[in-house]
Amino acid sequence: MEPIAELDARYSVENATPTPWAEARDQLERAETYWLSTVRADGRPHVTPLIAIWQDDALYFATGAEEQKAKNLESNRECALTTGGSSMSGGLDLVVEGSAERVRDPDKLKRLGDAWGAKYGPEWHFDVEGDEFASFAHGHALVFEVAPSKVLGFRKGDYSQTRWRFR
C-alpha cells in the first residue's frame, strides 16, 4: 500500500508539490551509503555510516553484535536511517524513521545476503549461518529490518519538504 504524502508548506517554495513516493522509493533502492542514528543507553546519540538494502518495503542493515549500534538497539529499537547528497542546488535527502527488528528467518537472510552481493559486489555477499550473516571478509553480523513509520523528503534547489506516513 502506498504511503500518504503530505507537503509541509512551511519548508517549501511557493507552488511546490509533494515528491512522489515512487521517486523516494527509487532513491532508497539505489543509494549506496546511509547513516544510521541510534541512541546510547545513557541518552547520547550515535550516528554511523553503513550500507543497506531496500527490499519488501523496508530498509535492512547489518552490524556486528559487539558494535555500538547493536548495543544501542538492545535497549532502544527506535532509529533513523538517512541518505542523500551534499549539494544544496539539487537532489533529495531522505530520513526513514522506524523500529529496528532483528531478522532471523534463514530464507529471508539468504535473499538479503544475495541482494547485498548484487548491489555492492561480490565482496559484500553474505552467507547465512544460523540466524546471522557470515562472510570471510566481514565475519558474523546481525541483520535488522526497519519498516518505515514515517519518511521525510527534503528537496533541494526548488525546496520542498514531503512527509510520507505509513499505515
Side-chain angles (χ1 to χ4, degrees), residues 1-40 43-63 67-70 72-73 76-103 105 108-109 111-121 124-126 133 141-167:
M1 181 175 284
E2 291 291 305
I4 299 166
E6 303 167 338
L7 180 75
D8 192 330
R10 298 174 300 170
Y11 308 109
S12 303
V13 296
E14 192 174 332
N15 298 321
T17 58
T19 300
W21 173 244
E23 180 181 346
R25 185 182 58 235
D26 182 60
Q27 183 167 323
L28 290 170
E29 290 172 357
R30 290 182 296 107
E32 293 182 5
T33 304
Y34 305 78
W35 292 265
L36 174 67
S37 299
T38 58
V39 179
R40 298 171 194 262
R44 292 180 299 133
H46 178 261
V47 180
T48 186
L50 48 68
I51 62 176
I53 299 293
W54 176 265
Q55 185 171 288
D56 302 327
D57 298 322
L59 272 172
Y60 295 86
F61 65 91
T63 183
E67 291 186 40
Q68 186 64 52
K69 54 190 167 289
N72 296 348
L73 292 170
N76 184 350
R77 297 276 184 203
E78 296 303 309
C79 64
L81 288 129
T82 60
T83 191
S86 62
S87 171
M88 288 298 293
S89 61
L92 180 65
D93 294 336
L94 297 168
V95 179
V96 176
E97 296 179 5
S99 181
E101 300 298 330
R102 179 93 184 275
V103 177
D105 176 77
K108 189 170 194 173
L109 288 168
R111 282 191 340 232
L112 290 167
D114 292 345
W116 249 275
K119 182 175 181 180
Y120 293 104
W124 288 102
H125 170 81
F126 290 98
F133 273 174
L142 311 177
V143 179
F144 290 90
E145 173 183 338
V146 179
S149 58
K150 177 173 71 175
V151 176
L152 297 171
F154 302 91
R155 177 151 327 274
K156 298 176 289 187
D158 289 330
Y159 295 96
S160 69
Q161 180 179 316
T162 302
R163 174 182 19 223
W164 296 275
R165 291 186 187 269
F166 295 76
R167 299 181 180 138

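Treat the numbers as computed from the prediction; the structure is a model and nothing was measured. Values below: all heavy atoms of this structure, side chains included; hydrogens, waters and symmetry mates excluded.
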| message | Distance check, rounded to the nearest 0.5 Å: T19 atom OG1 versus W164 atom CH2? | response | 5.0 Å
| said: Atom CG of residue position D26 - does it have more than 12 heavy atoms of other residues, nucleotides or ligands inside 6.0 Å? | reply: yes
| request: To the nearest 0.5 angstrom, please state how far the OG1 atom of T162 sits from the CZ atom of R155. | output: 7.5 Å
| field | Contact summary for F144 and R77, nearest pair of heavy atoms | value | CE2-NH1, 3.0 Å
| query | Is the backbone of L92 close enough, under 3.5 Å, to the side chain of Q27 for a donor and an acceptor to pair up by distance? | reply | yes
| remark: When every non-hydrogen atom of V96 is compared with those of P148, the smallest separation belongs to CG1-CB, 3.7 Å
| request: Enter the distance from K150:NZ to I4:CD1 here, rounded to the nearest 0.5 Å. | output: 13.5 Å
| request: Evaluate the side-chain proximity of V151 to W21: yes if any heavy-atom separation is below 4.5 Å, no if none is. | output: yes
| CG/L7 to OG1/T17 distance, rounded to the nearest 0.5 angstrom? | 7.5 Å
| Reported CG-to-CD distance for the pair L94 and E23, which is rounded to 0.5 angstrom | 8.5 Å
| Considering all heavy atoms, the nearest K156-S87 contact | NZ-O, 2.9 Å
| task | Would you please test R163 and E97 for salt bridge (charged side-chain N to carboxylate O under 4.0 Å, His left out) and show each step? | result | CA-CA 11 Å; R163 174 182 19 223; E97 296 179 5; over 6 Å; no
| For the residue pair K69 and T38, what are the closest heavy atoms and their distance? | CA-OG1, 4.3 Å
| Any donor-acceptor N/O pair, S12 side chain to Q161 backbone, under 3.5 Å | yes
| task | Kindly indicate, with the supporting measurements, whether the criterion side-chain contact (heavy atoms from CB on, under 4.5 Å) is fulfilled by V39 and E78. | result | CA-CA 8 Å; V39 179; E78 296 303 309; over 6 Å; no
| Between W54 and Y34, does the ring centroid distance fall short of 6.0 Å? | no
| request: Could you check if a side-chain atom of T63 sits within less than 4.5 angstrom of a side-chain atom of L50, using non-hydrogen atoms only? | output: no
| Can you tell me if T48 uses its side chain to pair, donor with acceptor, with the backbone of L36 under 3.5 Å? | no
| task | Could you grab the distance from atom NE2 of H125 to atom OH of Y120, nearest 0.5 Å is fine? | result | 15.5 Å
| request: Write out all pairs satisfying salt bridge (charged side-chain N to carboxylate O under 4.0 Å, His left out) with one or both partners inside residues 44-56, taking only residues at least two apart or from two chains. | output: D42-R44, D56-R111
| Does a side-chain heavy-atom distance below 4.5 Å link F154 with Y11? | no
| message | Quick one, E2 and R25 - any side-chain contact, counting heavy atoms below 4.5 Å? | response | yes
| request: Kindly give the heavy-atom pair with the smallest separation between F133 and L109, and that separation in Å. | output: CE2-O, 3.3 Å
| note | I51 and F61 have their tightest heavy-atom pair at O-CB, 4.0 Å
| request: Would you indicate whether the side-chain heavy atoms of L28 and L81 approach each other to under 4.5 Å? | output: no
